[in-house]
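Single-structure report; data block below.
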2 protein chains.
Amino acid sequence: MASSIYPFGGTVRSDDPRSRDKTIVGGKGANLAEMAGIGLPVPPGFTITTEECVRYLAHGADFSPELKDEVAVALRHIEQAAGKKFGDAADPLLVSVRSGARVSMPGMMDTVLNLGLNDETVQGLASASGDARFAWDSYRRFIQMYSDVVLGLDHHLFEDVLEIAKEDNGFYADVEMQAENWQAIVGEYKAIVRSELGRDFPQDPHEQLWGAIRAVFDSWDSDRAKVYRRLNDIPGDWGTAVNVQAMVFGNMGDTSATGVAFTRDPATGERAYYGEWLVNAQGEDVVAGIRTPQYLTLAAREKAGAKPLSMEEAMPAAYAELAAVFDLLEKHYRDMQDIEFTVERGHLWMLQTRSGKRTAKAALRMAVEMVEEGLIDEKTAICRIDPMALDQLLHPTLDPDAPRDVLGSGLPASPGAASGAIVLDADTAEKRAERGDAVILVRVETSPEDIHGMHAARGILTARGGMTSHAAVVARGMGRPCVSGASCVSIDMASRTLKIGSRELAEGDVITLDGSTGQIMAGKVPTIEPELVGHFGVLMEWADRHRRMKVRTNAETPDDCRTARGFGAEGVGLCRTEHMFFEESRISAVRQMILAEDEAGRRAALAKLLPEQRADFHSIFEVMAGLPVTVRLLDPPLHEFLPHADAEFEELSEAIGIGVPTLKRRAGELHEFNPMLGHRGCRLGITFPEIYEMQVRALFEAACDVAQTGDAPVPEVMIPLVATRKELEILKALVDRTAAQVFEEKGRTISYQVGTMIELPRAALMAGEIAEVGEFFSFGTNDLTQTTLGLSRDDSAKFLSAYVEQGIFARDPFVSLDIEGVGQLVGLAAERGRETRPDIKLGICGEHGGDPASIAFCEGQGLDYVSASPYRVPIARLAAAQAAISANR
Amino acid sequence: MASSIYPFGGTVRSDDPRSRDKTIVGGKGANLAEMAGIGLPVPPGFTITTEECVRYLAHGADFSPELKDEVAVALRHIEQAAGKKFGDAADPLLVSVRSGARVSMPGMMDTVLNLGLNDETVQGLASASGDARFAWDSYRRFIQMYSDVVLGLDHHLFEDVLEIAKEDNGFYADVEMQAENWQAIVGEYKAIVRSELGRDFPQDPHEQLWGAIRAVFDSWDSDRAKVYRRLNDIPGDWGTAVNVQAMVFGNMGDTSATGVAFTRDPATGERAYYGEWLVNAQGEDVVAGIRTPQYLTLAAREKAGAKPLSMEEAMPAAYAELAAVFDLLEKHYRDMQDIEFTVERGHLWMLQTRSGKRTAKAALRMAVEMVEEGLIDEKTAICRIDPMALDQLLHPTLDPDAPRDVLGSGLPASPGAASGAIVLDADTAEKRAERGDAVILVRVETSPEDIHGMHAARGILTARGGMTSHAAVVARGMGRPCVSGASCVSIDMASRTLKIGSRELAEGDVITLDGSTGQIMAGKVPTIEPELVGHFGVLMEWADRHRRMKVRTNAETPDDCRTARGFGAEGVGLCRTEHMFFEESRISAVRQMILAEDEAGRRAALAKLLPEQRADFHSIFEVMAGLPVTVRLLDPPLHEFLPHADAEFEELSEAIGIGVPTLKRRAGELHEFNPMLGHRGCRLGITFPEIYEMQVRALFEAACDVAQTGDAPVPEVMIPLVATRKELEILKALVDRTAAQVFEEKGRTISYQVGTMIELPRAALMAGEIAEVGEFFSFGTNDLTQTTLGLSRDDSAKFLSAYVEQGIFARDPFVSLDIEGVGQLVGLAAERGRETRPDIKLGICGEHGGDPASIAFCEGQGLDYVSASPYRVPIARLAAAQAAISANR
């Protein structure tokens, strides 16, 4: 059986790869072992594996029987290396007990320091260190920490006692406390434990140790850890390791110190040591912010104009040693390191190293510069950047230094920040935007009818709806910041006022949204515009060189197409045609078409729409000249276009000369119980071929016209919601027939393809047959997810979070593809499609086309392209490159 | 390449199995070849294959280039066998051209007789036959038929001319017309053709022949044929064969005759020759109902008390020969035959034989008696019965003791009884039936254009036509009662009134038909339940002996359970629990539960529901004692239970003491865009576990109580809408926990299973994992069809018929399982489920569980049971037996 414990430090040199495997010993344990292995000064210790934690939790918080002996052996290793004995009354070994999961979960997990102290050993520590104050301070710190973490007592109980003691003594700061003061505090602390728990604070160091190990394991399943994992997509079955390590002390006087450092600037990426330190302090003091730390380097201190000496100045020898360690570690790990260190009476100890977190901007700069320095290669640089982090760079962000008057918050549904006057409906948004006002559209929820208002607004705020609600999806597509599902917002349309939290606002009041955090703020908060050049440009160029899949965009306006092309889109993967139908100039004709009693009526209305639709295509084709443009024919159920309010019916009645009762009857006939599964997609084309005929005619007329003066587009006509080969056969014939007519009329031929979305399970299952007719497949994974899971995107917000919390879904399946379920169908369709048509073009145009995990899956399936909303195009380019690199490893 | 043409008759003896394969040469062609093969007198001819028809239609009505030569060769075969030449002016060969599809489609397809006549050959026919009247009569018949069928002229044009000619001559009947009268008619007919089409009636016999072949092929795609196929589930891609055959004449004087016959009584199944004949007539005269035919046998004539001589009496020699043929054919085909014959100047010719259509009752009797006679074995008998036809027997007939106000009577053309309002045309019948009215279609005679009205009507009454008229044949096929040839009925279409005997009635008046006696009664006559004994009982016993799959029922009331058990159900496959929630006594508590703001509120309401639900289960378990009962926990979205009208809200508000505005707000929050894909099924159980807890508690308390006094039921707790293993895991734990509690309280343990419906594509894909938890799968093919096809059952009616008509779906996928699409998922789930749990129990509980084609599929997948609605249980038993027999062949 594999070992449950791995020692490190001292004379240990383990060849077992498990001893440095983060999945086994956690990130902290692996890096401690690694540092010790390359000869850095690491206090001796051992790591209990994550496997042991998983086992412990699975067995109802019960340790495995072998663990006791293994811990005893490992403890002896520490004792030998440190030259002290655990529980030795004369010169006790003290240890720290720290958690360490596979990935860093800052502040989430528990730590106990100075473990091994009791009423006897504190005396030994005092005499061995020659510093009674230090010994009693350590003991009181230990009691407080242990009581909090292991015994579950409220830390305020202890803090209050300390405050009172300081007051009683007339002290201002902890440093004024002397040995006897701390000793008195220890007495009071022990009394608190006794009165709260009815038993004494444990004096047996071994009991202390096992209590701490148990507490670390238990902390993996604490509520805050669960929440953190959910927010950061960390699986619950990883478990945490436990690191037990000999204590070293930065608080043994003025030749002792402690600090944290980064080998480069984590905010800007600049190649300069960056960090903070405190003389005569324990590590927690730096992190906790009780004392204000000092700069590490002279340069940083001077730049900040700070007085307190830098470590470079105050402890030049230790600093030089530390700087050498920085360089060694960066070379060793080939990445910027985040380091914790302690100087104990002039002697440097390394307590931790790990890859440092960094801003997106810093990540880009470091990656590019490390390639230039020869530290890493291009592929490594590409894989260093979290694609989703690019989102930060592509949108305006709030000035971090500006004051914020936060009113409340909702879901961070679409990144970026925007300020503007509140408007409560789409028409008003459009009107005010036309006057040049910056507006924020605030709605209970949005629907397709609000599209023009969303487009006109700088940002969107909704009271209902999840991360994949209409508002969220559309806003992301448009690159507008959006906060959705803000239940703190209630709107009174009658008075055109709203409440956000406890604050009353009216239409016209200015608010600011931060779509990256979900915050809603009063007034205008200044923003910073993104810069998309320099390191960003270099890295994207590298990414393009290494990716196999093309990246297209989902866009249906010339503006969006232009944005996407600027971001590097290589075509349009999904041009929806229904949003075009909502424009004010044509909605009457659309409604007339829908409400017509017969084909003749529909044709009359369609004739009015033809020139408008042709103009739509014309402008898109101009922007995308020379590139493929996949146009999806009309898809949504017709009743989405219908009027709702009486006034709208009357308006329509006047416009088209049909009585309101007739219109209402027809509208009623179009009502559907489950429109998602209703009369939509190609079913419209089958039953009302004249609609698709008009669209196809508009498309090819526009294509011919554009080709006359410039590069022809490469139209790909996409038939939605196909479930059978026959549907595609009938509609492909319609497309071919109409195209041939147009080509004859125009005296010009455009090459084009006809294909289908694979968005129904049946289409995936029958892909072999369907590919006999269709020349391309585009995986419409939004609807494919809805049907495969039987899960409505619009309705699932209510229970989806419960599903994620209970571990039923690892992630929202509308955000990241359900690879094991929906992914099976994608794989099967790709395979069967290629069987009958080996050169079939395969792409994805669902929201998942902009999600890195889903993009990696697409690479694995050998898809030809992914299509993402314009602002996600750079993310997709990078993710596609990473996927290609991983696939070729 | 396989031949496109197969000759028969004369000296031809083909060994090619294609020559007798119905799929290749059609039913009529196969049987003609078969009869000729066993030495029966069949006029020589040839058949053009169905493949040629499919090819012709696929190539835009274009004959294959080889066909011309093959027809020429085959025509020479007829000429040699008949000893006459086609187009010979002295003694011309005349041919019939008839369609013949794989299955009989009575009256749907086109026929041309006497082809080969022209102004020259008519003279030759006159002299060769020695009967100028016959020759000219044949010619005028030919022109009229050809003009109608091939040239597309309205047959009324010709009928009017004939009526005027008879009036001018003072004739009453056609028989009074002499040669010169017919010759004059021919002249007038030719003038009609010339004036209507601007060209002469074709004189070239070869041109005539090709025109007729083309017309037969084209008739496959006529509107009426399409409607017939849709109603009878006949695929559109089968095509029809064309039979070209030497004419024989039943109208060459009093030694000639024509008739149709069945080897047993098609209405009762009695073993007695049954048929009608006419002396000196062509076959069409019998079927068209222009003359009233005579009985075939003496016994039948005497039983009916009819005057005109039977064939047995009038033509004893031909009759004896015919009777011998009947016996030979029945032995040869081992089935009751439907035969057409002609006697030409004393010489018997067989024109057709095929398996005869029969009522369900007759089918049962024949099948059972043929086993007793040693003609067929049990398995064959089982497979002889169309399971769907049992439907006729499972529904009520007229109460023999009820008073009847008899208006008159006609022929007992199709058994069964029905009451309804009189309607006088097919469109009205359809419209009123759509409104839910029971209607009786009353017509002078029916034609293929009336099919939709016949389908919509409860029964059919015609003033003219025999037992084998269009109305009779079609009504028997549809299982509608029919009284035909009721000369007591006269209809005035102008006033939309009718007389039956002496009584005046108007459209809308209610009458009752007894299709088993031919009686027509005023008003509604009460009916009684059928008795399922005798031949039915014997056959069902045989079926049970041969089937492998169990048959359960979908039922949720004790009454339904009792009915189903009476029909042989072996358990409940689907007991829905939501209908129980709608009962008036509990809907308030249900609504209170749904609208509660929190768990405590829900629990309070659920406590009220517990005893009610327990009582539901108690009564069902009593009926199903000892049998498995699959109970599905609450499935529909909660808002289905909500009030809609303001009054209901107010009522509820008073009942549960919550204000109307609050109730409306909660109700609004529950609204869903696509409830089918919303917060329903196990998602309710995950988010509101207290609901499922109540249901499970009620179920096990009832089971324990029932077990105390009798046989325990075997509860199978079914979790609906599972998409992931984890959902089932969580809810199975809830069921197990709750069951354990109840067992402890009751001091009794009931054995049970927990399983899931497979009704989402993802569940099918993940069946391997899900089966690790679930002990059974029940395929919920209704929802599985909805999700796999992305097709709402509630919304698809609008376009589904267009889909079936355009051949996109062969059949309504909610009626008969979409085997190639949804079936793949069923197969895959069964396979994967068995991989991880080899003894997993598999069943189907969608509507498809009562559909024979779907049941056959289930047998192929090795399912353990099918579950059908109570009245479909016998159908399912029979279909399961047939499927098992087919599978073991």
Side-chain angles (χ1 to χ4, degrees), chain A residues 447 464 637 669-681 683-684 686-688 721 723-727 729-730 759-766 769 783-796 798-800 802-803 806-809 813 818 820-825 828, chain B residues 637 669-684 686-688 721-727 729-730 759-766 769 783-796 798-800 802-803 806-809 813 818 820-825 828:
Chain A
S447 75
R464 285 205 236 162
E669 285 168 9
L670 285 168
H671 168 78
E672 295 189 312
F673 295 101
N674 292 288
M676 175 56 52
L677 310 176
H679 196 177
R680 54 169 286 233
R683 297 160 192 172
L684 297 173
I686 293 287
T687 48
F688 306 125
L721 213 73
T724 67
R725 179 203 151 109
K726 186 89 181 182
E727 289 165 318
E729 210 170 80
I730 293 171
E759 54 186 333
L760 296 177
R762 193 184 198 280
L765 293 166
M766 304 305 293
E769 278 195 4
D783 279 3
L784 191 60
T785 299
Q786 297 201 88
T787 47
T788 304
L789 274 66
L791 192 67
S792 164
R793 195 161 63 149
D794 296 321
D795 301 311
S796 57
K798 264 180 274 180
F799 54 89
L800 211 50
Y803 261 55
Q806 296 193 43
I808 296 169
F809 292 142
D818 162 34
E820 60 175 12
V822 178
Q824 273 192 58
L825 289 177
L828 193 137
Chain B
E669 285 168 8
L670 286 168
H671 167 79
E672 295 189 311
F673 295 101
N674 293 287
M676 174 58 50
L677 310 177
H679 196 177
R680 54 170 288 232
C682 71
R683 295 161 193 172
L684 297 173
I686 294 285
T687 47
F688 307 126
L721 212 72
V722 160
T724 67
R725 178 204 151 109
K726 185 89 179 182
E727 289 166 317
E729 210 171 80
I730 293 171
E759 52 187 334
L760 296 177
R762 194 183 196 279
L765 293 166
M766 303 305 293
E769 277 194 4
D783 279 4
L784 192 58
T785 298
Q786 297 202 86
T787 47
T788 305
L789 274 65
L791 192 67
S792 163
R793 198 161 59 149
D794 297 323
D795 301 311
S796 56
K798 264 180 274 180
F799 54 90
L800 211 50
Y803 261 54
Q806 297 193 43
I808 296 169
F809 292 142
D818 162 35
E820 61 174 11
V822 178
Q824 274 192 56
L825 289 177
L828 193 137

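Chain identifiers are assigned alphabetically (A, B, ...) following the order of the sequence lines, protein sequences preceding nucleic acid strands; residue numbering begins at 1 within each chain. Computed from heavy atoms alone, side chains included, the values below leave out hydrogens, waters and symmetry copies.
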Find the distance between CD (B/Glu672) and CZ (A/Phe673) and round it off to the nearest 0.5 Å. 14.5 Å
Turns out that what part of B/Thr687 lies under 4.5 Å from chain A's heavy atoms comes down to side chain
Pair count under 4.5 Å, heavy atoms only, with chain A: among B/Leu825, B/Ile808, B/Leu721, highest is B/Ile808
Could you tell me which residues satisfy salt bridge (charged side-chain N to carboxylate O under 4.0 Å, His left out) with B/Arg793, sequence neighbours excluded, listed by chain and number? none
Enter the distance from A/Leu789:CG to B/Met766:CE here, rounded to the nearest 0.5 Å. 10.0 Å
Against chain B, work out which of A/Gly807, A/Ala723, A/Pro637 has the most heavy-atom pairs shorter than 4.5 Å and name it. A/Gly807
Considering only heavy atoms, which portion of B/Asp818 lies under 4.5 Å from any heavy atom of chain A: side chain, backbone, both, or neither? side chain
Heavy-atom pairs under 4.5 Å with chain A, option from B/Gly681, B/Pro675, B/Ala763 with the top count: B/Pro675
Max heavy-atom pairs within cutoff under 4.5 Å with chain B, candidates A/Gly821, A/Ala802, A/Ala764, A/Pro761, goes to A/Pro761
Minimum heavy-atom distance A/Thr788-B/Leu760, with the two atoms named: O-CB, 3.9 Å
Chain A interface, residue from B/Arg683, B/Gln806, B/Arg725 that has the most non-hydrogen pairs under 4.5 Å: B/Arg683
Please classify the contact of B/Glu820 with chain A as side chain, backbone, both or neither, using a heavy-atom distance under 4.5 Å. both
B/Leu677 vs A/Leu677, side chain to side chain contact (heavy atoms under 4.5 Å, CB included): CA-CA, chis, key distance, verdict: CA-CA 9 Å; B/Leu677 310 177; A/Leu677 310 176; 4.2 Å; yes
Here the gap from B/Tyr803 atom OH to A/Ile686 atom CD1, rounded to the nearest 0.5 Å, amounts to 5.0 Å
Identify which of A/Val822, A/Leu791, A/Leu828 forms the greatest number of heavy-atom pairs closer than 4.5 Å to chain B. A/Leu791
Under 4.5 Å, counting heavy-atom pairs only, tell me which of B/Lys726, B/Arg762, B/Gln824 racks up the most with chain A. B/Arg762
CG/B/Asp795 to NE2/A/His671 distance, rounded to the nearest 0.5 angstrom? 7.0 Å
